[in-house]
Amino acid sequence: MREARARGYAVTFETNWPGENGVGAAIRNGSGAPFAAISISAPVERVNEAACLRLGETLMEAARRISLGLAATGSK
């Protein structure tokens, strides 16, 4: 968890399912508290560990934009 917080997204390398990697980022409410998440998972043949880390940056930006959009609508 500490590493995921520092990085801004979490990764899993064949942890949940054999042959599958994943990455996820928190969506935050107007107070900045996490209340939902967005994630991507794919077979290791398509998304290796390096690709997963690159996708994490993109996913983190998407989560940030969703969070900002929700804050603009007054979501709590």
Side-chain angles (χ1 to χ4, degrees):
M1 284 299 268
R2 188 177 310 141
E3 199 173 310
R5 280 189 190 113
R7 195 174 35 232
Y9 57 90
V11 292
T12 178
F13 304 118
E14 297 191 73
T15 305
N16 296 326
W17 298 99
E20 181 182 274
N21 288 337
V23 60
I27 295 172
R28 300 180 180 277
N29 64 18
S31 302
F35 78 103
I38 184 171
S39 66
I40 299 170
S41 61
V44 295
E45 296 83 22
R46 292 186 189 170
V47 180
N48 61 22
E49 289 184 23
C52 218
L53 293 171
R54 284 192 307 273
L55 285 170
E57 295 294 325
T58 303
L59 195 66
M60 186 174 59
E61 176 60 19
R64 186 187 72 78
R65 288 178 180 216
I66 293 167
S67 299
L68 289 173
L70 290 172
T73 65
S75 287
K76 295 182 180 181

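Here the structure is a predicted model, which means the values were calculated and not measured.
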Would you mind reporting whether Glu49 and Leu53 have side-chain heavy atoms less than 4.5 Å apart? no
Note, Val44 side chain near Glu20 side chain (heavy atom, < 4.5 Å): no
Looking at every heavy atom in both Met60 and Gly8, which two are closest together, and how far apart are they? SD-CA, 3.5 Å
Can you name the closest pair of heavy atoms from Tyr9 and Ala25 and give their distance? CB-CB, 4.2 Å
Please report the closest heavy-atom contact between Ser39 and Leu59, naming both atoms and the distance. CA-CD2, 3.9 Å
Taking the side chain as C-beta and beyond, is there a heavy-atom pair between Asn29 and Leu70 under 4.5 Å? no
Rounded to the nearest 0.5 Å, the CD1 atom of Ile27 sits from the CD1 atom of Ile66 at a distance of 4.0 Å
From Arg64 atom CZ to Ile38 atom CD1, the distance as rounded to the nearest 0.5 Å: 13.0 Å
Closest non-hydrogen atoms of Phe13 and Cys52, given as atom of the first, atom of the second and distance, are CE2-CB, 3.8 Å
